[in-house]
Amino acid sequence: MRRPLLAGNWKMHYGVSEGVALVEALSADLTDLSDRDVLVCPPFTLLGSLAPLLDGTAMALGAQNMHYEAKGAYTGEIAPQMLKELGCSYVILGHSERRQYFGETDELINRKAHAALAIGLKPIVCVGEVKAERDSGQAESVVVGQLRGSLAGLSAEQLRGVVIAYEPVWAIGTGDTATPADAQAMHARIRAELAALSDQATADAVIIQYGGSVKPDNVDELMAQPDIDGALVGGASLKAADFIRIVRFK
Ligand SMILES: O=C[C@H](O)COP(=O)(O)O
């Protein structure tokens, strides 16, 4: 059985006081969760302040990006160990905003995935097609290509430590979510590809999240799909009541 993983990606929102207030609101409510995992991924600058507040709660801490090198002259970058020592257990890699605005490639994301796993951070590897690719019938081939490139060289054991987030780019921040049936079809295709890259038992163990305008009013139907194991939530994770409702999907 796969344990659902509901994650909030705060992107470049909130300073320390707003972040602390949000985590306090979440932790006051989310006290009774035994069948699902919850994760918050704030900006780097909040990690140190939020880690002690999350300690002992049902929520884990994750980062939104990292470098693949352990240290060095990489101005402005953050190393995997720096995240670990702040209490992160997850790191989002290859989000479409990283791919689109910062030129991240599958090869780079693959280096980061290897580096994260080597140090015991769980990578959330993001894949997803843009609108033109979906409209031209290329969505599956684009996503499969991203998977093969981003996961290259990972053993079956390593793949079990990876989370995949399928985020159709046209659904991010637009309110235009994929239909549950379309999302399920892509998740099943992703799982089939994971099986091809390793074996069926490994593929069956991997958490595949959906992301793209997940809201309180669509989460239940999305989470009811057999291959949707969680959500990577942007905008709605910034509001305590909305994120709590998403975490408490039925
Ligand atoms: O990482 C989260 C996704 O980009 C989804 O963002 P959104 O929920 O605001 O559409």
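These values consider heavy atoms only, across backbone and side chains, with no hydrogens, waters or symmetry-generated copies. Counting starts at 1 for both ligands and their atoms, in listed order.
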request  = Determine which pairs satisfy ring-ring contact (aromatic ring centres under 6.0 Å, His included) with at least one residue from residues 184-239, sequence neighbours left out, and list them in order.
outcome  = Tyr166-His187

request  = Output all residues satisfying salt bridge (Lys or Arg N to Asp or Glu O under 4.0 Å) with Glu140, sequence neighbours left out; order by chain, then residue number.
outcome  = Arg189

ask   = Heavy atoms only: which of Ser96, Ala236, Gly173 is nearest to atom 10 (O) of ligand 1?
value = Gly173

query = How close does the nearest protein non-hydrogen atom get to atom 2 (C) of ligand 1, and which residue and atom is it?
reply = Glu167 OE2, 3.1 Å

query = What are the atoms of ligand 1, with element, lying closer than 4.0 Å to any heavy atom of Gly212?
reply = 5 (C), 10 (O)

query = N/O of Lys215 under 3.5 Å from N/O of ligand 1, yes or no?
reply = no

ask   = Between Ile172 and ligand 1, which residue portion shows a heavy-atom distance shorter than 4.0 Å: side chain, backbone, both, or neither?
value = both

query = To the nearest 0.1 Å, how far is atom 9 (O) of ligand 1 from its closest protein heavy atom, and which atom is that?
reply = Gly235 N, 2.8 Å

Close approach of Ala171 to ligand 1, heavy atoms, under 4.0 angstrom = yes

Close-contact set for ligand 1 against Asn9 heavy atoms, below 4.0 Å = 1 (O), 2 (C)

key: Pair Ser136-Gln138, side-chain donor/acceptor within less than 3.5 Å   = yes

ask   = For Thr174 and ligand 1, does the shortest N/O to N/O distance drop below 3.5 Å?
value = no

message = Quick check: do Thr105 and Asn110 have side-chain heavy atoms less than 4.5 Å from each other?
response = no

request  = Check whether the side chains of His13 and Glu18 place a donor and an acceptor atom closer than 3.5 Å, and report yes or no.
outcome  = no

remark   = When every non-hydrogen atom of Val206 is compared with those of Val162, the smallest separation belongs to CG1-O, 3.5 Å

Whether over 12 other heavy atoms sit under 6.0 Å from Arg111 CZ = no

inquiry  = Please list the nearest protein heavy atom to atom 8 (O) of ligand 1 with its residue and the distance rounded to 0.1 Å.
reply    = Gly234 N, 2.9 Å

